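Here the structure is laid out as structure tokens; the discussion comes afterwards.
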Amino acid sequence: MNRSRIFRRQLLTGAGALAGVGLARANFPLPYFGLGPRESAGLQDQKDADYTLHIKTSPIEIAPKRIVSATVYNGQFPGPLLRFQEGRRVTVDIYNDTDTPEQLHWHGQKGPVDVDGAAEEGTPFIPAHGKRRIAFTPNPAGLRFYHTHNRAGADLYAGQYSGQVGPVYIEPKHEPGSYDKEVFLVLKEFEPSFSRGGDMAQDFLSPPTIVKELESAGESAMKASLAKGMPHGYEVGYRSFTINGRMLGHGEPIRVKQGERVLFHVLNGSATEIRSLALPGHSFQVLALDGNPVPNPTAVPVLWVGTAERVSAVVHMNHPGVWILGDLDDDDRQHGMGIVVEYAGRTGKAQWGASAPFKWTYTHFAKPGATAPAPEETFAMTFGKDNAAEEGFNRWTINGVAYPMTSEVVSAAFHLKRDKRYRLRMRNASDDIHPIHLHRHSFELTNVAGIPTAGVMKDVVMVGGYQEIQVDFTADNPGLTLFHCHQQLHMDFGFMTLFDYV
Ligand SMILES: [Cu+2]
């Protein structure tokens with residue numbers, strides 16, 4: 001226990017903590033002492049927690065004189081980077097300084113139900129103007145994050161539309177790869193509004209193989225809704241785009257030197273969007289997906305990061321200049337989705353250059369020729385869309401069932417036995433890409449749009465329009481387990497289900 005005191009309160013504070021600052025490993029762990037008053041008034045009966053988070057609404061300056069109001073952690077966006085040690089138990093005090101009960105979800109971790117942070121699983125709410133203290137042992141190692149798990153419905157100030165996102169890095173016992181500095185990038189949009197129809201890229205996934213049967217199911221659902229006079233459901237768009245809370249050109253640049261190897265930890269903190277990221281003249285050596293080391297680290301010219309996904313990749317800085325590390329989408333990038341990378345001794349306006357077309361596939365990073373062990377049981381799931389069926393919003397179903405939009409308690413639809421290996425056969429009968437997330441477990445990709453694969457471990461996977469993806473997981477963490485699309489608008493309008501252990 002004494003050893004852990006050394007790492008107490010190593011929480012980074014200050015808006016500049018992540019903003020393009022190279023987080024050299026030698027700088028960690030940072031002592032927290034002296035950075036501010038302790039937040040333990042009235043809790044003399046308890047020891048101070050290792051970490052303290054305050055949920056509150058604050059002004060956030062995303063560009064000079066461009067100040068948005070957002071619910072955030074500790075008055076900053078992104079929330080403070082929390083560095084944990086694999087296997088070392090921590091206590092966290094979470095204060096909710098808002099008027100709404102809150103849930104804080106530890107995304108990608110194998111925690112118990114009372115800590116995980118999902119009301120559907122039975123995690124207690126952090127009461128409005130109240131507090132919860134939780135204790136857990138962080139695992140598995142790697143890039144994780146924390147975010148609100150409140151449903152927002154039609155309220156664009158609630159849920160992950162606001163600023164409740166912060167990165168977590170669980171230090172592994174052995175760090176893979178070598179690099180000179182480490183940079184965390186949190187991608188997030190602000191100022192959301194509803195629109196009819198969206199312009200999300202749909203054609204970047206490889207292989208493009210679709211399942212005809214799913215396509216005809218999707219198209220007949222579309223025809224049926226149009227025959228009823230239902231237009232397309234609402235989508236969400238954004239006015240401003242940020243990396244580490246600053247619009248392109250308005251944050252500190254990432255300062256590098258020629259020859260350096262920089263490890264980027266990229267987190268897509270969006271409520272709804274899939275993002276791409278390129279750095280002209282450079283490539284990304286992908287080391288980990290969703291924080292989990294990949295069997296076959298491979299260099300790619302572009303990263304595609306679905307909602308809630310993470311990519312850890314090394315860039316060899318061998319093309320001096322002042323560059324934009326940014327989204328391929330010109331409109332999103334010009335509205336802020338980028339950050340400047342500046343080589344030492346170089347000045348001038350940051351340059352962008354379109355990269356050659358590239359298709360993203362998770363199987364790039366799998367071990368060639370490897371096959372996954374057979375599952376003991378397979379669950380088939382078909383994802384369906386009822387256009388504009390829920391007061392103008394699309395209603396989403398899993399095997400024909402929409403999760404209720406009320407707070408009623410729902411019983412599990414899928415039942416697990418401890419230590420058995422399960423396969424989820426996920427069939428997408430809609431034309432949207434769904435970033436599918438399983439709580440409290442990691443899964444292995446075993447088939448991507450018809451291509452068998454093995455060895456890539458994730459907790460979110462993008463399922464392409466009319467495609468089928470299979471993932472396997474071991475039931476190793478008893479308790480109610482939420483499964484949902486991480487696109488907030490999909491999750492809130494039915495796209496959830498529960499597993500339990502029997
Ligand atoms: Cu979805």
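Counting starts at 1 for both ligands and their atoms, following the listed order. Model, not experiment: these values are computed from the prediction.
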Subject >> Partner set under salt bridge (Lys or Arg N to Asp or Glu O under 4.0 Å) for Arg144, not counting sequence neighbours >> reply: Asp459
Original post:
Between His147 and His486, what is the ring plane arrangement, given parallel below 30°, perpendicular above 60°, and tilted in between?
Top reply: perpendicular
**OP:** Classify the angle between the aromatic ring planes of His265 and Phe184 as parallel (below 30°), tilted (30 to 60°) or perpendicular (above 60°).
**Re:** tilted
Original post:
Angle class for the Phe136/Phe84 ring planes (parallel below 30°, perpendicular above 60°, tilted otherwise)?
Top reply: perpendicular
**OP:** Please work out whether the ring planes of His437 and His105 are parallel, tilted or perpendicular, with thresholds of 30° and 60°.
**Re:** tilted
Original post:
In a check of side chain to side chain contact (heavy atoms under 4.5 Å, CB included) between Leu104 and each of Thr148, Ile126, Val92, Thr123, which one passes?
Top reply: Ile126
**OP:** Please report the number of protein N, O or S atoms that lie less than 2.8 Å from the Cu ion (ligand 1).
**Re:** 3
